[in-house]
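Before any comments, here is the structure.
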Amino acid sequence: MTAAVPGAPVLDAHEIHVRFPLARDWRGRAVRHAHALNGVSLQVRRGEAFGIVGESGCGKSTLAAVLMGLLKPSEGELRRLPRADGRPADVQIVFQDPQSSLDPRLPAWKVIIEPLVAAGRGSVDRAALRARAEVLARQVGLRPEQLGRYVHEFSGGQRQRIAIARALATEPDVIVLDEPTSALDISVQAQILNLLRELRRAHGLTYVLISHNVSVVRHLCDRVAVMYLGQVVEQGPAAQVLESPRHPYTRELLDAVPRLDRPWPEDELAPPAELPGNAVLPQGCFFRGRCPWATTGCDRPQVLLARPDAPLHAYRCHVAGTR
Ligand SMILES: Nc1ncnc2c1ncn2[C@@H]1O[C@H](COP(=O)(O)OP(=O)(O)OP(=O)(O)O)[C@@H](O)[C@H]1O
Ligand SMILES: [Mg+2]
């Protein structure tokens, strides 16, 4: 179905910058910007689950919009591997809140096959479309006889199942999951994560999973990138990054996750320090003002350095390798 270049990335983001205008002068020229992405390079390979983790405002959803082709970078380039029909790789998305991302005026079965129809790839036959919606519904654990209902008539977890069925409809090359469980009840979160895992196993799907929740990424991802202030500060195989973090920010992020084997002490319940504003970017290392290791040399911009003993694991810190 897709052009076969073995091992070639489906999505290849190269030095992506995104700036949003915050204020304009009397001529309408932007004079202040939010620097949402500041040189993000990453590759998503077919069949992998790639996690993107970082705290609120670090640029995760902006990156999702770029990967989807919905937002043009201010600088840099996103390459999407061409499919056999010459069109760029098909990327679908599941948003955090299915209530607001799904059309309330359509019955569930029409919501599910909407992307197929929009892409001009659906059958024109209503019965065939309905049958396709029923197949997709079964795949995500919904009963086909429920599909005449409207989105508001489903529970939160069921709504997210509808959103997932919809993302599957075009048999996309990549599914971007932007905080797919953070609007759900804790009991339902695990069900949706397990569903995503099963679907990937059954259909060989490729995921980009975005979350501020490290546990979610740990549950589902093969590789992970950690973002801070619109940059990737650490990336590599999930086991290496999450079990042996090198960058001081990743360490802070992981320390903030309560674990069953290591309960959160009362006096550590304070939330992590605030992300600095992105209207004026720090000089040198972006994390410097908050870093316990800050020293000479941190006033220079940091590049990603490969870990000598595990070269797929890289971190943007000249001190980390010496600790
Ligand atoms: N349309 C916009 N106009 C101006 N600034 C924006 C716009 N969209 C995003 N930003 C800014 O870009 C930065 C990154 O936002 P983004 O939504 O990508 O963060 P995020 O990591 O997804 O956060 P969250 O975890 O809260 O969803 C933030 O500072 C945000 O305020
Ligand atoms: Mg977001």
Side-chain angles (χ1 to χ4, degrees), residues 11 13 15-25 28-42 44 50-76 78 91-102 156 160 163 167 174-184 189 192-193 196 207-218 220-221 224-235 241 247 249-250 252-254 256-257 271-282 286-287 289-290 316:
L11 297 177
E15 279 296 306
I16 304 280
H17 292 251
V18 170
R19 291 181 285 274
F20 294 108
L22 288 178
R24 295 180 183 277
D25 67 8
R29 285 192 308 213
V31 288
R32 256 168 84 79
H33 292 92
H35 295 264
L37 295 180
N38 302 299
V40 172
S41 297
L42 53 84
V44 179
F50 188 96
I52 297 175
V53 67
E55 65 208 69
S56 186
C58 72
K60 302 181 298 293
S61 296
T62 305
L63 180 58
V66 170
L67 296 178
M68 290 284 299
L70 294 174
L71 184 65
K72 201 173 151 350
S74 316
E75 279 174 54
L78 174 77
V91 186
Q92 295 291 330
I93 190 162
V94 173
F95 291 102
Q96 170 173 350
D97 180 8
Q99 175 80 43
S100 58
S101 61
L102 303 177
Q160 201 58 311
V174 180
I175 299 180
V176 176
L177 304 153
D178 189 354
E179 304 277 6
T181 57
S182 37
L184 303 174
Q189 288 184 8
I192 296 294
L193 286 179
L196 290 169
Y207 290 156
V208 174
L209 173 73
I210 292 174
S211 185
H212 64 275
N213 184 335
V214 178
S215 311
V216 169
V217 170
R218 198 192 301 271
L220 222 63
C221 294
V224 52
V226 181
M227 285 183 66
Y228 182 79
L229 214 56
Q231 282 188 331
V232 172
V233 294
E234 182 156 5
Q235 73 169 14
V241 172
H247 195 281
Y249 174 67
T250 313
E252 188 180 296
L253 197 67
L254 289 169
V257 181
E274 287 272 308
L275 197 67
N278 58 11
V280 180
L281 292 175
F286 286 4
F287 191 59
R290 188 169 143 179
R316 199 182 283 277

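Everything numeric in this text was worked out from a predicted model, so none of it was measured. Read the numbers this way: they start at 1 and go in the same order the structure lists the ligands and their atoms.
- If you count the protein N, O or S atoms nearer to the Mg ion (ligand 2) than 2.8 Å, you get 1.
- In this structure, Ser182 OG and Gln189 CD are separated by 7.5 Å, a value rounded to the nearest 0.5 Å.
- Between the side chain of Gln160 and the main chain of Pro180, a donor-acceptor pair closer than 3.5 Å is present.
- The backbone and the side chain of Thr62 each have at least one atom closer than 4.0 Å to an atom of ligand 1 (non-hydrogen atoms only).
- Taking the ring centroids of His247 and Tyr228, they lie at or beyond the 6.0 Å cut-off.
- In this structure, the side chain of Ser41 engages the main chain of Glu15 through a donor-acceptor pair within 3.5 Å.
- The protein non-hydrogen atom at the shortest distance from atom 24 (P) of ligand 1 is Ser56 OG, 3.6 Å.
- Checked by distance only, ligand 1 and Gly57 come closer than 3.5 Å through their nitrogen or oxygen atoms.
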query: What do the steps show when you test Val18 against Val66 for side chain to side chain contact (heavy atoms under 4.5 Å, CB included), and what is the final call?
result: CA-CA 9 Å; Val18 170; Val66 170; 3.8 Å; yes
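- Listed by number with element, the atoms of ligand 1 under 4.0 Å from a non-hydrogen atom of Ala36 are 12 (O), 13 (C).
- Put simply, the side chain of Gln96 never gets that close to the backbone of Glu179: no donor and acceptor are under 3.5 Å apart.
- Here's the thing with Phe20: none of its N/O atoms is less than 3.5 angstrom from an N/O atom of ligand 1.
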Chi angles and distances behind the side chain to side chain contact (heavy atoms under 4.5 Å, CB included) call for Glu55, Tyr249: CA-CA 10 Å; Glu55 65 208 69; Tyr249 174 67; 2.4 Å; yes
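- Near Ser61, meaning under 4.0 Å from any of its heavy atoms, are these atoms of ligand 1: 17 (O), 18 (O), 20 (P), 22 (O), 27 (O).
- The nearest protein atom to atom 25 (O) of ligand 1, hydrogens excluded, is given as Lys60 NZ, 2.8 Å; this is a heavy-atom distance.
- Within 4.0 Å of atom 9 (C) of ligand 1, at least one protein heavy atom is present.
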message: Working note: Gln235 + Leu42, criterion side chain to side chain contact (heavy atoms under 4.5 Å, CB included); need CA distance, chi angles, decisive distance, verdict.
response: CA-CA 9 Å; Gln235 73 169 14; Leu42 53 84; 4.2 Å; yes
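- Atom 29 (O) of ligand 1 has its closest protein heavy atom at Asn278 ND2, 2.9 Å.
- No donor-acceptor pair under 3.5 Å is formed between the side chain of Lys60 and the backbone N or O of His212.
- Of the possible donor and acceptor atoms, none in the side chain of His17 sits under 3.5 Å from a partner among the backbone N and O of Gly76.
- Among the candidates Asn38, Leu37, Thr62, the single residue satisfying the side-chain contact (heavy atoms from CB on, under 4.5 Å) test with Met227 is Leu37.
- Proximity of atom 20 (P) of ligand 1 to the protein is indicated by at least one non-hydrogen atom lying closer than 4.0 angstrom.
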